Amino acid sequence: MSYIILALLFILSGFFMKYSDDLFDVNHNLVFASILGVVCGVSSGLAAVYSNEAAYIFMAIAIGNILALKVDGIHHIITFIIFICILLICGIPNMSLVILLICILAALSDEIGHELIHKFTQNRFLNLFFEYRFVMKIVILLLAVCGVFNIWTFVCFILFELSYLFAELFLKVLIKKRS
């Protein structure tokens with residue numbers, strides 16, 4: 001498998017992660033949100049099995065969301081179960097606990113900051129920083145610059161983030177068309 005396939009898995013994961021969540025939160029469509037959650041779980045799981053670096057990222061996102069109490073629907077649980085099943089069936093990659101903890105703290109910081117920062121400050125920079133969850137992006141970039149991760153993993157993560165944002169815009173356009 002090449003970085004092109006890994007990038008595709010990151011893109012699919014990001015898109016379906018956001019689209020599934022918004023379908024549940026905005027449209028209250030549990031069935032379709034769960035189906036898309038399966039696609040997200042499969043793409044995240046396959047990426048994590050293929051790449052240790054992807055495993056750090058997707059495990060950190062999952063654990064960070066659990067710790068931030070952001071798992072608010074059955075679609076999240078289904079996605080998480082699919083992800084874990086793929087890791088258990090295909091094998092959990094060897095990982096450094098320190099690197100995993102760094103990634104978990106970054107993901108947790110993003111989730112908490114995303115929910116709370118606007119309640120404590122009107123600082124435009126801080127609000128945008130946490131609105132678009134830049135802690136994890138910076139951590140992944142620093143891990144790549146330091147040689148812990150490959151720079152292509154950072155590129156794949158940025159593609160994940162862009163597809164996540166695209167899914168949000170896509171759903172807004174669909175909702176607007178229906179109105």
Side-chain angles (χ1 to χ4, degrees), residues 1-21 33-114 130 132-167:
M1 199 181 313
S2 69
Y3 279 105
I4 293 171
I5 294 171
L6 186 62
L8 181 62
L9 292 171
F10 268 85
I11 289 167
L12 290 171
S13 179
F15 183 85
F16 290 115
M17 185 178 293
K18 182 60 175 170
Y19 199 27
S20 168
D21 199 34
S34 297
I35 292 168
L36 296 182
V38 168
V39 176
C40 175
V42 168
S43 57
S44 300
L46 291 176
V49 167
Y50 173 70
S51 164
N52 276 14
E53 297 161 5
Y56 285 114
I57 292 168
F58 289 115
M59 289 177 87
I61 290 170
I63 294 168
N65 275 279
I66 289 168
L67 293 174
L69 305 175
K70 297 278 296 228
V71 177
D72 61 358
I74 189 72
H75 66 293
H76 286 144
I77 295 166
I78 291 169
T79 304
F80 184 71
I81 289 171
I82 296 294
F83 175 72
I84 294 300
C85 284
I86 289 173
L87 288 179
L88 291 174
I89 292 167
C90 297
I92 299 172
N94 291 329
M95 301 172 76
S96 160
L97 186 58
V98 172
I99 301 301
L100 181 59
L101 287 173
I102 289 168
C103 291
I104 290 169
L105 289 174
L108 181 60
S109 297
D110 275 340
E111 292 305 324
I112 291 171
H114 181 77
F130 285 105
Y132 293 102
R133 297 175 171 95
F134 270 93
V135 177
M136 188 78 159
K137 292 175 189 69
I138 291 170
V139 166
I140 302 302
L141 176 61
L142 289 174
L143 289 170
V145 168
C146 292
V148 176
F149 284 4
N150 187 303
I151 194 67
W152 289 110
T153 301
F154 173 71
V155 171
C156 288
F157 184 66
I158 294 301
L159 292 172
F160 165 88
E161 292 288 334
L162 290 172
S163 65
Y164 185 93
L165 291 173
F166 180 75

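Bear in mind the structure is a predicted one, so any value in this text is a computation, not a measurement.
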Identify every side-chain donor-acceptor pair in residues 97-107 under 3.5 Å, counting partners at least two apart or on other chains, and give the distances.
none

Exercise for the section: Quick one: list whatever passes side-chain contact (heavy atoms from CB on, under 4.5 Å) with Ile151, sequence neighbours left out. Expected result: Leu141, Ala144, Phe154
Fill in the blank from the handout: All heavy atoms of Asp110 vs all of Phe134, minimum pair found to be OD1-N, 3.5 Å
Practice task
Taking Asn52 for its side chain and Met95 for its backbone only, find out whether a donor-acceptor pair lies under 3.5 Å.
Solution key: no
Problem - Within residues 140-150 or reaching into it, pairs that qualify as side chain to side chain donor-acceptor pair (under 3.5 Å) - sequence neighbours excluded - result: Tyr3-Asn150
Practice task
Only pairs at least two apart or in different chains count here, so list each salt bridge (Lys or Arg N to Asp or Glu O under 4.0 Å) that has a residue in residues 142-160.
Solution key: none
Fill in the blank from the handout: So OH of Tyr50 and CD1 of Ile5: to nearest 0.5 Å the spacing works out to 7.5 Å
Atom pairs and distances, side-chain donor-acceptor, residues 10-20, under 3.5 Å, sequence neighbours left out:
{"residue": "Ser13", "atom": "OG", "partner": "Ser44", "partner atom": "OG", "Å": "2.5"}
{"residue": "Lys18", "atom": "NZ", "partner": "Asp22", "partner atom": "OD1", "Å": "3.2"}
{"residue": "Ser20", "atom": "OG", "partner": "Ala33", "partner atom": "O", "Å": "2.7"}

Handout entry: Nearest heavy atoms of Ile74 and Ser34, plus distance in Å
Key = CG2-OG, 4.2 Å
Problem - Qualifying residues under side-chain contact (heavy atoms from CB on, under 4.5 Å), relative to Val49, sequence neighbours excluded - result: Ile86, Leu87, Cys90
Exercise for the section: Only pairs at least two apart or in different chains count here, so list each side chain to side chain donor-acceptor pair (under 3.5 Å) that has a residue in residues 154-167. Expected result: Lys137-Glu161
Problem - Non-neighbouring partners of Ser109 that pass side-chain contact (heavy atoms from CB on, under 4.5 Å), sequence neighbours left out - result: Val135
Practice task
Mind checking the CG-CD1 spacing from Leu8 to Ile4? Nearest 0.5 Å is all I need.
Solution key: 10.0 Å
Problem - Pairwise side chain to side chain donor-acceptor pair (under 3.5 Å) hits with a residue in residues 76-85, at least two apart - result: Asp21-His76, Asp72-His76
Fill in the blank from the handout: The side-chain contact (heavy atoms from CB on, under 4.5 Å) partners of Leu88 (sequence neighbours excluded) come to Ile84, Ile92
Practice task
Go through the steps for Phe149 and Ile57 under the test side chain to side chain contact (heavy atoms under 4.5 Å, CB included), then give the verdict.
Solution key: CA-CA 11 Å; Phe149 284 4; Ile57 292 168; 4.3 Å; yes
Exercise for the section: For residues 151-160, pull every pair meeting salt bridge (Lys or Arg N to Asp or Glu O under 4.0 Å), keeping only residues two or more places apart or in separate chains. Expected result: none
Handout entry: salt bridge (Lys or Arg N to Asp or Glu O under 4.0 Å): pairs with one or both residues in residues 59-71, sequence neighbours excluded
Key = Lys70-Glu111, Lys70-Glu115
Practice task
Search all heavy atoms of Ser43 against all heavy atoms of Cys40 and return the closest pair with its distance.
Solution key: OG-O, 3.1 Å
Problem - From CZ (Phe157) to CD (Glu53), nearest 0.5 Å - result: 13.0 Å
Handout entry: Atom pair CD1/OH of Ile61 and Tyr56 - distance to nearest 0.5 Å
Key = 15.0 Å
Completion exercise
The reported gap from CG in Leu6 to OG in Ser51 (rounded to nearest 0.5 angstrom) is 5.0 Å
